[in-house]
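As the structure is a computational prediction, the values presented were derived from the model and not from experiment.
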Amino acid sequence: MAGRPFADTISLLSKPVLWLPGLYAGALATAFIWLAFSGGEFIAGKMLFLGAVIFPFFVAGALGCMKSGEYTISLFGRSAARFFFPILLPAVIAGAIIILLLILCSIPFAISGHSDPSMIAGLFIGITIPVFIFAFFADNVAVSEGLAVFTSLKQSMMLASRSIFTIITCIVVSLISVGVVGTILATVWGMILSDKFTEYINLGAAEQQKIFAGFSLSDWQRILGYDGLVVTAVTIGVSLIILVSFFIVYKHQCYLSALSVPTPVMPQTGEYDEKGRWYKY
């Protein structure tokens, strides 16, 4: 099941317009890192929030192109404008559901006085994962089927309930892609900036991890310098260009694969009377 969506994704990524969401995410990440490391943390945070709100615009454009099979800038823009809110609102509602359930489920712990941080973290993960899975295809449904917000979430839940293996495969393949791309680019990053870390080369891995974990933002600024900051920002931007573009296209192919999974039919027991009327037991 994973082979065909993956092959179709690689084929579709030859369409330049489908790289626009990744280019936007990469540019946003590069600008954010640059501002954060150059003393503009406040502006960087505001920019990241605004950029996240605008991001569904690019997702809608890519999904609209894949829906119609026409990969032009004009169709990308029309689809982006048309499906921006149908994609944004289900995501907002899913986030609100997570927050509401987290508040409701944490009330008993707060009352009993056992609000352990690890317990709250486990509760958050336990709530977020099911909501994430059930809303996984909400954006694809909103664009491909043109459904309203709550109907899109309902249809996504129905797809998730009968094709959970497809969703798990999509997530696993995406995580493997993150690992592969991240490893390659991290290696390239380390090779380019190897002279910045000469004083730590002879230390053990555990000791290096301990030292780097205690670094503040100013420490990283001092070690990387201007050129190192540019290389870091560009490296992370390139990784997002590749991964975001791949994930959006691959998830849509997994959605098409999930549509092909037949809906289970519940057998009914009963009999016909002498007039041909069906009576269910």
Side-chain angles (χ1 to χ4, degrees), residues 2 5 21-22 25 28-29 32 45-46 48-60 62-63 83-143 147-179 181-182 236 239-240 243-255 257-258 261:
L28 180 65
F32 172 76
K46 300 295 182 183
L48 185 63
F49 175 78
L50 181 61
V53 173
I54 298 174
F55 182 67
F57 180 87
F58 291 87
V59 177
L63 294 181
F83 296 111
F84 172 73
F85 285 106
I87 288 181
L88 175 64
L89 294 179
V92 172
I93 292 174
I97 291 174
I98 292 174
I99 294 174
L100 180 61
L101 289 177
L102 182 62
I103 293 175
L104 292 176
C105 294
S106 61
I107 288 176
F109 297 106
I111 294 175
S112 62
H114 298 289
S115 55
D116 183 40
S118 60
M119 186 180 300
I120 299 298
L123 183 64
F124 176 76
I125 295 173
I127 292 174
T128 301
I129 291 178
V131 175
F132 174 76
I133 290 176
F134 283 125
F136 193 73
F137 291 129
D139 54 346
N140 304 93
V141 170
V143 175
L147 301 179
V149 176
F150 289 101
T151 311
S152 297
L153 288 171
K154 180 181 177 181
Q155 179 67 7
S156 178
M157 291 176 62
M158 294 175 62
L159 284 173
S161 64
R162 71 171 188 254
S163 56
I164 185 66
F165 179 73
T166 302
I167 295 177
I168 293 175
T169 303
C170 181
I171 295 173
V172 170
V173 172
S174 299
L175 290 176
I176 292 174
S177 302
V178 171
V181 173
I236 294 177
S239 66
L240 285 181
L243 293 172
V244 170
S245 301
F246 172 82
F247 178 72
I248 290 174
V249 178
Y250 182 63
K251 188 165 81 74
H252 187 72
Q253 300 311 304
C254 290
Y255 161 72
S257 178
V261 177

To the nearest 0.5 angstrom, please state how far the [atom1] atom of [X] sits from the [atom2] atom of [Y].
X	Y	atom1	atom2	result
I127	I97	CD1	CD1	11.5 Å
K251	T166	NZ	OG1	13.0 Å
L88	I54	CG	CD1	11.0 Å
F84	F58	CZ	CZ	10.5 Å
L159	I164	CG	CD1	11.0 Å

What closest approach, in Å, do [X] and [Y] show between heavy atoms, and which atom pair accounts for it?
X	Y	result
I167	F137	CG1-CE1, 3.6 Å
D139	L63	O-CD1, 3.8 Å
F136	C170	CZ-SG, 3.7 Å
G45	F32	N-CE1, 4.2 Å
S245	G22	OG-CA, 3.3 Å
A142	P86	CB-O, 3.6 Å

Any side-chain heavy atom of [X] sitting closer than 4.5 Å to one from [Y]?
X	Y	answer
F124	I98	yes
V141	Y255	yes
F55	L28	no

Polar side-chain atom of [X] near backbone of [Y] as donor-acceptor pair, under 3.5 Å:
X	Y	value
S156	L153	no
S161	M158	yes
S257	Q253	no

Run the numbers on F150 and I93 for side chain to side chain contact (heavy atoms under 4.5 Å, CB included), then give the verdict.
-> CA-CA 9 Å; F150 289 101; I93 292 174; 3.8 Å; yes

Only counting residues at least two apart or in another chain, list the ones meeting ring-ring contact (aromatic ring centres under 6.0 Å, His included) with F246.
->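 For F246, the residues satisfying ring-ring contact (aromatic ring centres under 6.0 Å, His included) (neighbours in sequence not counted) are F6, Y250.
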
